[in-house]
Every structure is written in structure tokens, then in C-alpha cells.
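Reading through the C-alpha cells given below for one structure.
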Number of protein chains: 2
Amino acid sequence: MNQSTEEKIKQAALSVFIQKGSANCTSREIAREAGMNVALVNYYFRSKSKLFALIFESVMQDFLKSMVQVFSSELPIREKIKILIEREFEFLGKHPDIPNFVINELARNPEAIHGIIPVLQMVNESGVFDEARKLQEQGDMRQMDIVQITLLIMSNCQYPFMAQPLMKVIHGVSNETYKEHLIAHKDHAVAMVLGYLFPNDQITPHE
Amino acid sequence: MNQSTEEKIKQAALSVFIQKGSANCTSREIAREAGMNVALVNYYFRSKSKLFALIFESVMQDFLKSMVQVFSSELPIREKIKILIEREFEFLGKHPDIPNFVINELARNPEAIHGIIPVLQMVNESGVFDEARKLQEQGDMRQMDIVQITLLIMSNCQYPFMAQPLMKVIHGVSNETYKEHLIAHKDHAVAMVLGYLFPNDQITPHE
DNA sequence: ACATATATTAAACAGTTGTTTAAAACAGAT
DNA sequence: ATCTGTTTTAAACAACTGTTTAATATATGT
């Protein structure tokens, strides 16, 4: 509970930025959420845009960290993909607003681009994609570009969370029902992606 | 070229709203894009939010129209899904910003909810989901909830367009290269979704 | 030509925005 | 207690927001 003022502001900014986006929230809103005066936000972080840059960078890190970690582990490729998708669903269950936030800022906020450099560095250092390519060459994996493999996995993980408001209204289901659909969808995503990437496997390994 | 003032404003509003979102653009910006005075926007549409409601409603219509149309056709189920995905890619190729726009407004703009009622009506009247359920019962289609089938299809169509800025920066590819990836991805989406929904088919029917 | 309704403009309105300023409250050291 | 540096506050700043007003231009019908 004994949290420094600086940390309180960061946490409030994280919450407000993700919920409303950088353009649709005010400095005063962040200050109110942190329970203090507006001037303090600029006292600690110079400007709203500098604070945003800081927050966005850390969100980008969290957003891609789990993916990178799984791939630098020593598991067989099928397990890696399975665990990757499961981890992604676990992460998104806790932070369902992050994909929309990230994609939206990247598309609409020119400043957001700067927050990406350290993430690129992390991804490159991890050698994720090189390893994926290697596994693809030596194995029975379907031949397709790494970009598209990434798309395959991320589409089926992130979109279901991003589209929650749309899906709820189209199908007229409650929050709770949709959460159950999300849980069930995880298994479909694993089975479908594995089934497509490894067409020679008869039955997707279960459990 | 002989376009009425009202239509000019609508068109400018459509463009600006989709590019920047309802919260991140100004009435003056819309007026400037339409080449006229700010006051005219309110003269024709009363307020910014009324104009937005109008635009959002029509975008929602376009957004879901093709999907509904395909399903009320008389094709066999596999063809329906294939054409549905291909149409979706065609539509998104022309309007890549719409999914992000729709999902973002629904998540962050309370007013956007109102724009959905006529769309719901359209979807209900079309009987899309009832027919999908019927096809599922009588055929060899994998048993899964309609919500999840919708998710399967929309995820693999819309996300690749929504994530374009993210993917470009992660994989370091140009606009043109990514466009090629999108084209190639369409076939993967068709094959993967059909392969998963109809597990008894040996090989996905090709062309 | 004139009268009337419509379309368009520049200017103003009150409220909000990010940011700065100057004063106050607080801490710790001497 | 006094000094010193740091934290916090209320108030102010100019710029910008959506919206309105009152005046001007344009079109239309007679």
C-alpha cells in the first residue's frame, strides 16, 4: 500500500491509457485516478506524451514477452505452439484490452512507433523467428512464411478478445457466457492451428 | 463531381472518423476535409455525435452485409464458407481500417451501441445463424457453437488487416510485401477453416 | 424587380485541454 | 528553531473543443 507517488501515477496512467486510448483521455483523468493534482503528472513525467511513451513501451514488452519466452525453451515444436497459444489465452484473460490498445495506438498514434524499438530488440535477440524457420526446414511442418504463421497464431488468440463487444451484441450473449466461449475457443485454436501446420498428423495430440 | 454539400460532409466524416476515431478528431477537421465552414457540419447534422451515429450505423451495415448475403444464398455449405472468406478479404482489401474502427468504437464509445440495432435487425431477418445451425445438424460439420464458428472465420479474416502496423514492424516488411502476404493468407484461411470444420474431408477442394 | 427561403460564412461562446507558475506544505539536517 | 531541498497544491495560461449567433450570400418563385 505504501506506494510512491511516481508509481501511483504510472499505474493510473496504465489503466486509463489502456481503457480509453492516448487520445481519448486527459491528464486530469489520470491524476484523479491516482488521487492527486494534475501538476504532479507533469512534475514527474514532463508531459502527457512522455508518460504515454513510457507506458506504451512497457505494455509492448509484456505483450510479446510470453511469446518469445516459449520459443526459446527446449520443447518439441508441437508442444511449443500449444503452450504458446495457451499462455496467450491466459495472458489475454487477464488483460483483454491490451491487443486493441496496442493495435489502435500503432495505427493512429504516430508517437507510438517509438515505443517499439526495444521490443524489436527483444524479439531479435531471442531468435524466435530464426528458430521457427529452422524447425520448419528440418521437420514435417507445412511450408509457409513466418509472417503468416505468426498471423495464424495471433489471429486466433487475440481477435476473440478484441471482438468481445461486437460478438456479444451480434449473438446476444452475456459477459459470462462469452467468457465460457473464450475458454472453449482456446482448445479449438490449438487443434485447428496444429492440424493445419502439421497436416500429416492423424489426430491432434490431446492433453 | 456535382455532389451536394450534405453528401460531401458525410463522405469527409466517414473518412476522418474511420482514420482517427470519433474521439480523436474534431468537427473542424471534418469541415476542412469537406472544404467548407465548421458551422455547416452542425447546420446539416445538428451535432458531431449525431453525425457520428449516422456514419457508424452505415459502416456497421457495410461491415456485416456481405457475410449475411453469402449465407442466404443457395450454395453448398463448403462453398458458402469459402466464398464468405474470399469476399471478406476482398472487402477488407478495400477497407482495411473498418474492423479496427468498429471494434474500437464499440469498446470505447458508449454512443456507438445505438448504431447496432438496425444491424442486429438485418442479421436476424437474414436467418444466417439459424441456417448455419441447420446445416451443422444435418451434415458432417464439426459440432461447435455458432459463436465460435463466427469467431473462427472473422479472426482469420479481420485480424491480419487490423494487425498490419504491428506485423510490419515486428517482421520488418514493407507495405507491398505485407499486401502480398495478405493475398497468400486468404488461401491459408480458407483451407485451415474448412479443414477444421470438416475433419472428414481428405483434401480441401481446390478451385 | 423584388420578396422569401435556403445556404454559407465569420465571429463569438463557454468549457476543456496540456502545460506552467508561484506559493505552500513537508522532509531532513544542522 | 532554522535552513534547504523536495513534493504538492491552487491558480493561471493560451490553445482548442463543440456549438450558436447574427450577418451575408445564393437561389427560387413571383
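- Rounded to an integer number of Å, the gap from Glu6(A) CD to dT6(D) C1' is 13 Å.
- Listed nucleotides: dA10(D), dT8(D), dT8(C). Nearest to the side chain of Ala39(A): dA10(D).
- Looking at the side chain of Val38(A), the nearest of the listed nucleotides dA10(D), dT9(C), dT19(C) is dT19(C).
- Nucleic acid contact for Ser47(B): sugar-phosphate only, since backbone atoms but no base atoms lie under 4.0 Å from a heavy atom of the residue.
- In this entry the distance linking CZ of Phe45(B) with C1' of dA7(C) reads 14 Å, nearest Å.
- Using bins of under 30°, 30° to 60° and over 60° for the plane-to-plane angle, the ring pair Tyr196(B)/His188(A) lands in the perpendicular bin.
- dT7(D) atom C1' lies 7 Å from atom CG of Leu40(A), rounded to whole Å.
- In this structure, the nucleotide among dT8(D), dA10(D), dT6(C) sitting nearest to the side chain of Tyr43(B) is dT6(C).
- Between Phe89(A) and His185(A), the ring planes are tilted. Angles from 30° to 60° get that label.
- Within residues 9-36 of chain A, the residues that have a heavy atom under 4.0 Å from DNA chain D are, in order of number, Arg28(A), Met36(A).
- Glu137(B) has its side chain out of reach of Gln143(B): every pair of non-hydrogen atoms, C-beta onward, lies at least 4.5 Å apart.
- Residue Val41(B) is classed as having no contact, given no heavy-atom separation below 4.0 Å to the nucleic acid.
- Between Phe101(A) and Phe17(A), the ring center distance fails the sub-6.0 Å criterion.
- Across all strands, Tyr44(B) comes closer than 4.0 Å only to sugar-phosphate atoms, never to a base (heavy-atom distances).
- Distance Lys50(A) NZ to dG18(C) C1': 13 Å, rounded to the nearest Å.
- Counting to the nearest Å, the C1' atom of dG18(D) and the CD atom of Glu111(B) are 12 Å from each other.
- The side chain of Thr5(A) contributes no N or O atom lying less than 4.0 Å from OP1 or OP2 of dT7(D).
- Side-chain nitrogen and oxygen atoms of Asn42(B) include none within less than 4.0 Å of the OP1 or OP2 phosphate oxygen of dG18(D).
- Atom pair Asn37(A):CG and dA22(C):C1' shows a separation of 13 Å (rounding to whole Å applied).
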Original post:
Run the salt bridge (Lys or Arg N to Asp or Glu O under 4.0 Å) check on Lys186(A) and Glu88(A) step by step: do they pass?
Top reply: CA-CA 9 Å; Lys186(A) 181 181 64 182; Glu88(A) 194 75 358; over 6 Å; no
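- Side-chain rings of Phe129(B) and His171(A) approach one another, their centers coming within less than 6.0 Å.
- Taking the ring centre of Phe198(B) as origin, the terminal cationic atom of Arg142(B) falls outside the region bounded by 6.0 Å and 45° from the ring axis.
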